[in-house]
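Comments concern the structure below.
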Amino acid sequence: MKPQIRSITGAVLMLALIPIFAGLLACIPVPIGDPERSSIDPDINGVWTASLDGEGAALYLFRPYDERTWLLIGTMLEEGADYVGEFPDIETHEDAIRALADQPIGGAGITAATAIVYKVWRTRLGGSWFMTWEPVGGINDDGSFTTDFWLVFRLEKSGDKEFRLRMVNAEHETFDDIVDPDEYEGDDYVKDMRRTWERALQRAIDDPELYADDEGVWVFRRVPPDLTGEAAELFQEVIEFD
């Protein structure tokens, strides 16, 4: 992964994703699916806690941008500057929910210092749903706004209160014969190669090696409706919504 794009909010919140990147998996140099032909799933709208293998819980808001895509905002739950006492560990879904329920939002309780932002859409391939995350909110050294990596996950949904994301491994052998972006001699790698990557993914769609193993599954659980206000306050620590 060689992202040139630089987030205006900094890289601190990428810590929420580091456990996924730490294994054999890699980001994909093209988006999977077309956001202009996608449609959001209303069951995914709203606020979720996210945890990888029961560790490092974060808070994510899937906010519909239009009928096709979401604006995804993620933040960590952190100790406020004026917090008194021993700050509770927030490693699991239960920890995050308990903190939202028991702690005030702000300097004397839990706060949020930074955020990550993505454009997100769904794609159905070979009978399975995939979710693509495109980093937004940054600018390249040359003044452009394009990115050169996307996060692609297999979406495993179980009702409207939980879903799982299993990251696609861009180093799987099904992609071996695809020309690398560094060796590509055309003008637009993404435009020319997206369908090639999609066809290769479909060929191996049932191969477990194409995805993160069970320890690399990112579990999302919905924040209870009675804590939505607290979650909104936490997001407002870093992003002001009108």
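Heads up: numbering here begins at 1 and tracks the sequence.
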Got a salt bridge between Glu198 and Arg194, using NZ or NE/NH1/NH2 to carboxylate O under 4.0 Å?
-> yes

Residues passing the side-chain hydrogen bond (donor to acceptor under 3.5 Å, both in side chains) test with Thr196, sequence neighbours excluded, are none

Count the heavy atoms of every other residue, nucleotide or ligand shown that sit under 6.0 Å from OH of Tyr65, and state whether that count exceeds 12.
-> no

Step by step, work out the side chain to side chain donor-acceptor pair (under 3.5 Å) result for Thr111 and Glu237.
-> CA-CA 7 Å; Thr111 188; Glu237 293 282 293; 2.5 Å; yes

Salt-bridge contact Lys157-Asp41 (side-chain N to carboxylate O under 4.0 Å) = yes

Taking atom CG of Asp188 as the centre, report whether more than 12 heavy atoms of other residues, nucleotides or ligands fall under 6.0 Å from it.
-> yes

Between Arg203 and Glu173, is there a salt bridge with N-O shorter than 4.0 Å?
-> no

Not counting sequence neighbours, which residues clear side-chain hydrogen bond (donor to acceptor under 3.5 Å, both in side chains) with Gln202? List them please.
-> none

Report yes or no: does Tyr118 contribute a side-chain atom to a donor-acceptor pair with the main-chain N or O of Leu151 at less than 3.5 Å?
-> no

Listed pairs under 3.5 Å, donor-acceptor, residues 222-235 side chains, sequence neighbours left out:
{"from": "Arg222", "atom 1": "NE", "to": "Asp160", "atom 2": "O", "distance (Å)": "2.9"}
{"from": "Arg222", "atom 1": "NH1", "to": "Asn45", "atom 2": "O", "distance (Å)": "2.8"}
{"from": "Arg222", "atom 1": "NH2", "to": "Asp43", "atom 2": "O", "distance (Å)": "2.3"}
{"from": "Arg222", "atom 1": "NH2", "to": "Asn45", "atom 2": "O", "distance (Å)": "3.2"}
{"from": "Arg222", "atom 1": "NH2", "to": "Asp160", "atom 2": "O", "distance (Å)": "3.3"}
{"from": "Thr228", "atom 1": "OG1", "to": "Pro225", "atom 2": "O", "distance (Å)": "3.1"}

Establish, yes or no, whether a centroid distance under 6.0 Å links the rings of Phe62 and Phe163.
-> yes

Should His93 and Ser51 be marked as a side chain to side chain donor-acceptor pair (under 3.5 Å) after you check the CA-CA gap, both sets of side-chain angles, and the distance that decides it?
-> CA-CA 7 Å; His93 299 283; Ser51 179; 4.5 Å; no

Does the separation of the ring centres of Trp133 and Phe153 fall below 6.0 angstrom?
-> yes

Evaluate the side-chain contact (heavy atoms from CB on, under 4.5 Å) criterion for residues Val117 and Leu72: first the C-alpha distance (whole Å), next the side-chain angles of each, then the deciding distance (0.1 Å), finally the verdict.
-> CA-CA 6 Å; Val117 183; Leu72 175 61; over 6 Å; no

Side-chain (Trp121) to main-chain (Ile32) donor-acceptor, under 3.5 angstrom | yes

